[in-house]
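Here's the structure we're looking at; comments come further down.
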2 protein chains.
Amino acid sequence: MNIECHNIIDNQMSIFSVLNDDEKEQLKKHSTCTYYKKNDIIYKEGDKPNGLICLSKGKVKIFKEGVGGREQIVRMAKPVGFIGYRALFADQNYLASAEAIEDSVICTIEKETLYKLLTSNSDLSFSIIRSLASELGFSNNRTVTLTQKHIRGRLSESLLFLKDTYGLEEDAATIKVYLSREDIANLSNMTTSNAIRTLSTFASEKIIALDGRKIKILDLKGLERISELG
Amino acid sequence: MNIECHNIIDNQMSIFSVLNDDEKEQLKKHSTCTYYKKNDIIYKEGDKPNGLICLSKGKVKIFKEGVGGREQIVRMAKPVGFIGYRALFADQNYLASAEAIEDSVICTIEKETLYKLLTSNSDLSFSIIRSLASELGFSNNRTVTLTQKHIRGRLSESLLFLKDTYGLEEDAATIKVYLSREDIANLSNMTTSNAIRTLSTFASEKIIALDGRKIKILDLKGLERISELG
DNA sequence: TTGCATTTATGTTAAATAACATACAAATGT
DNA sequence: ACATTTGTATGTTATTTAACATAAATGCAA
């Protein structure tokens with residue numbers, strides 16, 4: 001039934017590995033599974049969180065609407081990872097929206113159950129503190145990157161970020177996520193035109209190869225160099 | 001002796017208010033006071049945190065070095081607030097530097113003592129989770145602001161941010177912090193020249209009044225409007 | 001298939017902002 | 001009191017990037 005939820009909770013990689021069997025059982029009883037199609041909205045800026053959302057399968061983008069409706073992707077989620085936990089723990093409404101960029105499965109854990117466990121299990125609290133602290137560091141880094149690097153630097157950093165987040169296909173070169181040029185632009189703080197143009201330039205420089213939405217990294221060192229130089 | 005530390009720990013506004021007297025005593029025994037002059041560095045990017053730093057008196061800027069040594073201010077601290085807790089809890093070295101922009105007093109709480117308390121007191125963990133989650137929301141907001149708003153929007157948002165953070169003088173108009181034009185620029189992601197120029201423009205439009213480093217807000221609504229429009 | 005919408009591609013122009021140059025004022029040290 | 005540095009101010013130019021325009025390619029549905 002919500003076998004997907006059970007898998008997450010039992011997963012050795014998840015933060016729930018610090019829980020004992022009884023605690024895990026609690027979580028399983030109070031969690032529900034939901035299925036999303038590609039392009040489905042999981043939640044919207046302003047919505048109220050009602051539980052801890054965990055991505056079991058698929059890929060999700062988290063983005064904010066900026067000036068003139070222009071969107072900025074602030075995070076990309078992969079399994080097994082949390083979504084919207086910032087708002088939940090800050091006791092705020094969502095400040096960003098989440099949309100599935102592939103068919104996805106999420107598992108929602110009831111807020112009350114989670115909080116009860118947090119009270120009794122300090123290791124779980126520690127895990128969450130560590131997660132939030134890491135992501136804050138990432139966010140601060142990104143602020144500097146997106147504001148200070150030039151277009152080529154921002155784009156190459158985004159490509160490296162996508163590679164690090166989702167990994168590579170069996171050919172050890174193709175980034176394992178297929179975004180529209182618009183999404184790549186929204187991730188890299190540039191217009192779609194400029195994302196397309198700069199990708200083409202990279203391709204002509206043999207740094208990457210393009211085939212539709214497939215992006216193959218040909219010269220990793222080169223990409224890293226461009227990213228560092230800004 | 002470290003009376004300043006004691007004040008922080010007993011302060012009703014600090015997150016330590018959830019502790020009992022015995023726990024507070026523990027903290028006091030394992031904390032030390034340090035005094036910093038204006039422009040003193042408290043820690044540098046890459047340093048290893050060795051405790052929880054709390055600002056007791058003064059004002060501190062947290063900034064990152066970006067492309068070509070250009071600095072970006074990511075946070076401004078005021079009493080009673082924490083500094084560098086992100087790196088401490090993420091178990092990382094500092095990703096940013098902290099510098100006193102006024103004579104300041106900080107109180108450092110030993111990591112081991114803090115962690116012991118976190119294990120036994122879940123309310124304290126909760127407080128830290130909430131703080132980190134709030135700051136992450138702030139950071140994501142800032143990313144969008146700094147990348148999408150135009151110069152006038154970024155500068156007015158920075159002025160409003162400084163007002164909200166440090167408050168106003170008795171005249172109910174002058175922002176209670178005295179930054180160099182360069183710092184204002186580094187906060188707003190622009191060059192010093194453009195910060196100076198745009199401040200002058202705001203002054204000529206009677207939105208603010210300038211007197212050296214004193215910035216008086218004459219038209220709050222106007223400033224908010226400019227900030228929102230981007 | 002055909003038509004229509006969307007995405008991708010590329011060239012041109014316009015706007016925003018950084019970079020640079022210079023001048024002057026204020027603070028600081030000797 | 002003077003020289004030296006630092007901060008502030010403002011004008012000019014160069015560069016980056018957004019905005020706009022157009023068109024080809026692709027995906028999708030009737």
Side-chain angles (χ1 to χ4, degrees), chain A residues 37-39 61 66-72 99 101-102 144-159 177-205 208-216 226 229-230, chain B residues 37-39 61 66-72 99 101-102 144-158 177-205 208-215 226 229-230:
Chain A
K37 287 264 161 225
K38 184 176 167 178
N39 299 327
K61 66 172 174 181
V67 181
R70 209 173 124 206
E71 83 179 41
Q72 173 66 50
E99 182 181 325
I101 58 168
E102 281 182 9
V144 177
T145 292
L146 291 179
T147 55
Q148 298 199 354
K149 287 186 182 174
H150 285 176
I151 274 203
R152 287 169 59 91
R154 298 204 300 271
L155 182 64
S156 44
E157 185 168 300
S158 290
L159 296 178
V177 64
Y178 300 88
L179 295 176
S180 68
R181 302 291 196 260
E182 191 181 359
D183 278 340
I184 294 176
N186 291 339
L187 182 63
S188 316
N189 180 37
M190 60 185 68
T191 56
T192 307
S193 293
N194 278 327
I196 292 168
R197 206 188 309 269
T198 312
L199 281 171
S200 298
T201 311
F202 282 179
S204 77
E205 291 168 358
I208 60 172
L210 294 170
D211 175 14
R213 292 189 173 187
K214 265 204 196 90
I215 299 174
K216 198 183 276 201
I226 296 170
L229 286 175
Chain B
K37 288 264 161 223
K38 185 177 165 175
N39 299 328
K61 67 172 173 181
V67 181
R70 208 173 124 206
E71 84 180 40
Q72 173 66 49
E99 182 181 325
I101 57 169
E102 282 182 8
V144 177
T145 292
L146 291 180
T147 54
Q148 299 200 354
K149 286 186 184 176
H150 285 175
I151 273 202
R152 286 169 60 91
R154 297 204 301 272
L155 182 64
S156 44
E157 184 167 300
S158 289
V177 64
Y178 300 88
L179 295 176
S180 68
R181 301 293 195 257
E182 192 181 358
D183 277 339
I184 293 175
N186 291 339
L187 182 64
S188 317
N189 181 35
M190 60 185 67
T191 56
T192 307
S193 293
N194 278 328
I196 292 168
R197 205 187 309 269
T198 312
L199 281 172
S200 299
T201 311
F202 282 179
S204 76
E205 291 168 1
I208 60 173
L210 295 169
D211 175 15
R213 292 189 174 187
K214 264 203 195 93
I215 299 174
I226 296 169
L229 285 175

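Note on naming: letters A, B, ... go to the chains in the order of the sequence lines (proteins, then strands), and numbering restarts at 1 for each one.
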At a cut-off of 3.5 Å, list every protein nitrogen or oxygen paired with a nitrogen or oxygen from nucleotides 6-8 of chain C, distance to 0.1 Å.
unit_1, atom_1, unit_2, atom_2, d
C:dT8, OP1, A:Arg213, NE, 3.3
C:dT8, OP2, A:Arg181, N, 3.0

Mind checking what makes side-chain contact (heavy atoms from CB on, under 4.5 Å) contact with [X], not counting sequence neighbours?
X        : result
A:Glu205 : A:Arg152, A:Thr201, A:Phe202, A:Ile207
A:Leu210 : A:Arg181, A:Leu199, A:Ala203, A:Ile208, A:Ile215
B:Thr147 : A:Gln72, A:Leu146, A:Thr147, A:Asn189
B:Ser180 : B:Glu182, B:Asp183, B:Arg213

- Who are the salt bridge (Lys or Arg N to Asp or Glu O under 4.0 Å) partners of A:Glu71, not counting sequence neighbours?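 Here the qualifying residues are A:Lys61.
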For [X] and [N], what is the distance between atoms [atom1] and [atom2] respectively, to the nearest whole Å?
X        : N      : atom1 : atom2 : answer
A:Gln148 : D:dT16 : CD    : C1'   : 15 Å
B:Phe202 : D:dA9  : CZ    : C1'   : 17 Å
B:Asn39  : D:dG7  : CG    : C1'   : 13 Å

- Item | Heavy-atom donor-acceptor pair, B:Thr198 side chain to B:Ala195 backbone, under 3.5 Å |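 Side chain of B:Thr198 to backbone of B:Ala195: no pair is present.
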- Drop me the distance from B:Leu155's CG to B:Ile184's CD1, to the nearest 0.5 angstrom.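 These two atoms lie 7.0 Å from each other.
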- Query: To the nearest 0.5 Å, what is the distance between CG (A:Leu159) and OG (A:Ser188)?
  - Reply: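 Rounded to the nearest 0.5 Å, the CG-OG separation comes to 7.0 Å.
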- Where along nucleotides 17-30 of chain D does protein come under 4.0 Å, by heavy atom, of base (B) or sugar-phosphate alone (S), with - for untouched nucleotides? SBBB----------
- Query: Axis-to-axis angle across the helix from C:dT1-D:dA30 to C:dT30-D:dA1, five pairs an end, to 10 degrees?
  - Reply: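 Taking five pairs per end, the axes differ by 40°.
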- Can you tell me which residue pairs pass the salt bridge (Lys or Arg N to Asp or Glu O under 4.0 Å) test with a partner in residues 185-201 of chain B, sequence neighbours excluded?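 The answer is none; no pair qualifies.
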- Message: Please enumerate all residues that pass side chain to side chain donor-acceptor pair (under 3.5 Å) together with A:Thr145, with sequence neighbours excluded.
- Response: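 If we apply the side chain to side chain donor-acceptor pair (under 3.5 Å) test to A:Thr145, skipping adjacent residues, the hits are A:Glu157.
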- Could you tell me which residues satisfy side chain to side chain donor-acceptor pair (under 3.5 Å) with A:Thr191, sequence neighbours excluded, listed by chain and number?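 Testing A:Thr191 for side chain to side chain donor-acceptor pair (under 3.5 Å), a comparison that skips the adjacent residues, returns A:Asn194.
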- B:Ile101 vs B:Val177 side-chain heavy atoms within contact, under 4.5 Å: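 B:Ile101 reaches B:Val177 side chain to side chain.
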- Query: Any side-chain heavy atom of A:Lys38 within less than 4.5 Å of one from A:Glu102?
  - Reply: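 Result no, sub-4.5 Å side-chain heavy-atom pair not found.
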All N/O contacts under 3.5 Å from nucleotides 28-30 of chain C to the protein, with atom names and distances to one decimal?
none

